[in-house]
Amino acid sequence: MKSIKIVGTGRALPDKILTNFDLEKMVDTSDAWIVERTGIRERRIADENTATSDLVAIALEKACQQAGLKPSALDTIIVATSTPDTVYPATACWVQKRLGIAGSAAFDISAGCSGFVFALEVAANLIATGAAKKVAVAGGEVMSKVVNWKDRATCVLFGDGAGVAIVVAGDGRSGILASNWGCDGNLAPLLYQPAGGTRMPTSEKTLREMAHTVHMEGNQVFKHAVRAMGGAALKALADAGIGPADVKLFIPHQANMRIMEAARERTGIAREKMFVVLERYGNMSAATIPVAIDEARDGGLIQDGDLILLTAFGTGFTWGAAVLRW
Ligand code: UT7
């Protein structure tokens, strides 16, 4: 076991709620279609002045408060995001600026919706080697600014938010029992944002073609997501030497209720153990898992010693899972 302890968690969700009924007025869709195909009822949308680092900073301050730490005491800030404030520097640097702190290592992880699981894995290994002691692990996204609001196949899916966990060394009783991660870059074109990088720099043409927004082959993503999230979760359970009945809470990446259900069924974990925030927030990419963890803690659903199973899938295609003993 990698002995770590999560000593504080926090989340930040924009106030503005966009319901499926609001979307009915924007594109050719219906509440019934969205609920049936995705399970999403509403999502939060950041205002024009809010970037990813703003949400992460708020969540980080809350998490630090719970941990009894000042943000300036952190030695590492890792932000998992696909919607950085800027191409460079990293969103984690903008978080420092927003909080008026300096000195800690601060960098981003780009692993799409798997980002929080990847960041947690990196943090645990940094702590295990002694390279870090107090790490903020964040997942934050402002998906609403990279979505094509005229494309009904994608715009109904996403939402904005951020979640943070403060991770420190454990005393041997809590930590990551087993984890795994992986990627198949050959599938990258099935879910990506084509323009704005060095492959396709922003131009009038890319703007006209909306190439700076989410491009996705939904059906393909769906198929791979079920297989990868289920597979990663099963491997983590097997490597931890535990069965589905031992798991207190199953927190999958929240992209689509049908994907989550299919992944859960593969693990054999009971339905009532799956924690769901998807209906209210939509797919917040790297933020879904840390926001869900924070809500579960607030609801008293996670106690010391509990076994929590995380599993995720995202652009890349990336995937990863972890069994935590809280
Ligand atoms: O975190 C990873 C990121 N992405 C995902 O997890 C997304 C994974 N994929 C999905 O969740 C699903 O593929 C979607 C929810 C995106 C789509 O559901 P689907 O059951 O795969 O539907 P579909 O793409 O096969 O489309 C079925 C029909 C099509 O119409 P026709 O061709 O049958 O006439 C679409 O044009 O539904 C139509 N459609 C819509 N209708 C109403 C697509 N989007 C909408 C919409 N409202 N918003």
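Counting convention: from 1, in listed order, for ligands and their atoms alike. We number each residue from 1, following the sequence as shown.
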Ionic contact status for Arg280 with Glu295, cut-off 4.0 Å: yes
Which of the ligand 1 atoms, numbered from 1, are nearer than 4.0 Å to a heavy atom of Leu191: 3 (C)
Interatomic spacing from CD1 in Ile58 to CG in Leu13 - rounded to 0.5 Å: 10.0 Å
Distance-only side-chain donor-acceptor flag, Asp108 / Thr81, under 3.5 Å: no
From Ile34, Thr38, Asn219 - option closest to atom 23 (P) of ligand 1 by heavy atom: Asn219
Atom 21 (O) of ligand 1 protein-contacted, heavy-atom criterion under 4.0 angstrom: yes
Audit row: Leu55, Glu141, side-chain contact (heavy atoms from CB on, under 4.5 Å) steps and yes/no: CA-CA 8 Å; Leu55 297 177; Glu141 306 281 5; over 6 Å; no
Which of the ligand 1 atoms, numbered from 1, are nearer than 4.0 Å to a heavy atom of Cys113: 1 (O), 2 (C)
Test side-chain contact (heavy atoms from CB on, under 4.5 Å) applied to Val276 and Met260, step by step: CA-CA 9 Å; Val276 181; Met260 293 157 63; 4.0 Å; yes
Closest approach of any protein heavy atom to atom 36 (O) of ligand 1, naming residue and atom: Arg152 NH2, 3.0 Å
Salt-bridge criterion met for Lys2 and Glu121 (N-O under 4.0 Å): yes
Within reach of ligand 1, part of Asn256 (heavy-atom separation under 4.0 Å): side chain
Distance from atom 18 (O) of ligand 1 to nearest protein heavy atom, with residue and atom: Arg258 NH2, 3.5 Å
Nearest protein heavy atom under 4.0 Å from atom 15 (C) of ligand 1, yes or no: yes
Atoms in ligand 1 with a heavy atom of Arg37 nearer than 4.0 Å: 19 (P), 20 (O), 22 (O), 27 (C)
4.0 Å heavy-atom contact, Ala225 with ligand 1: no
Closer than 4.0 Å: a protein non-hydrogen atom to atom 41 (N) of ligand 1: yes
Taking every non-hydrogen atom, the tightest pair across Leu310 and Leu120: CD1-CD2, 4.0 Å
Atom 1 (O) of ligand 1 protein-contacted (non-hydrogen atom, under 4.0 angstrom): yes
Distance from atom 5 (C) of ligand 1 to nearest protein heavy atom, with residue and atom: Val221 CG1, 3.8 Å
Ile259, portion touching ligand 1 at heavy-atom distance under 4.0 Å: side chain
Salt-bridge present (Asp160, Lys16; N to O < 4.0 Å): no
Nearest neighbour in protein (non-hydrogen) for atom 4 (N) of ligand 1: Met216 SD, 3.3 Å
4.0 Å protein heavy-atom contact status of atom 29 (C) of ligand 1, strictly under: no
Per-atom contacts, ligand 1 versus Val156 - under 4.0 Å to a heavy atom: 48 (N)
Atom 3 (C) of ligand 1: the protein heavy-atom neighbour that sits closest, reported with distance to 0.1 Å: Asn283 ND2, 3.5 Å
Val27 contact mode with ligand 1 (heavy-atom cut-off under 4.0 Å): neither
Ligand 1 atoms in contact with Gly218 (distance to a heavy atom under 4.0 Å): 8 (C), 9 (N), 13 (O)
Residues Lys5, Asp171: salt bridge by 4.0 Å N-O rule: no
Glu42 side chain to Thr19 side chain, donor-acceptor N/O pair below 3.5 angstrom: no
Sidechain N-carboxylate O distance under 4.0 Å for Arg152, Asp28: yes
Exercise: do Asn186 and Asp184 side chains pair donor with acceptor under 3.5 Å: yes
Short N-O contact, Arg258 and Glu261, less than 4.0 angstrom: no
Numbering as shown, the atoms of ligand 1 that approach Ala255 to under 4.0 Å (heavy-atom distance): 1 (O), 6 (O)
Check ion pair Glu48-Lys145 (N to O, under 4.0 angstrom): no
Atom 47 (N) of ligand 1 [closest protein heavy-atom partner, distance rounded to 0.1 Å]: Thr29 OG1, 2.6 Å
Under 4.0 Å to a heavy atom of His253 - the qualifying atoms of ligand 1, by number: 1 (O)
Atom 43 (C) of ligand 1 [closest protein heavy-atom partner, distance rounded to 0.1 Å]: Trp33 CZ2, 3.6 Å
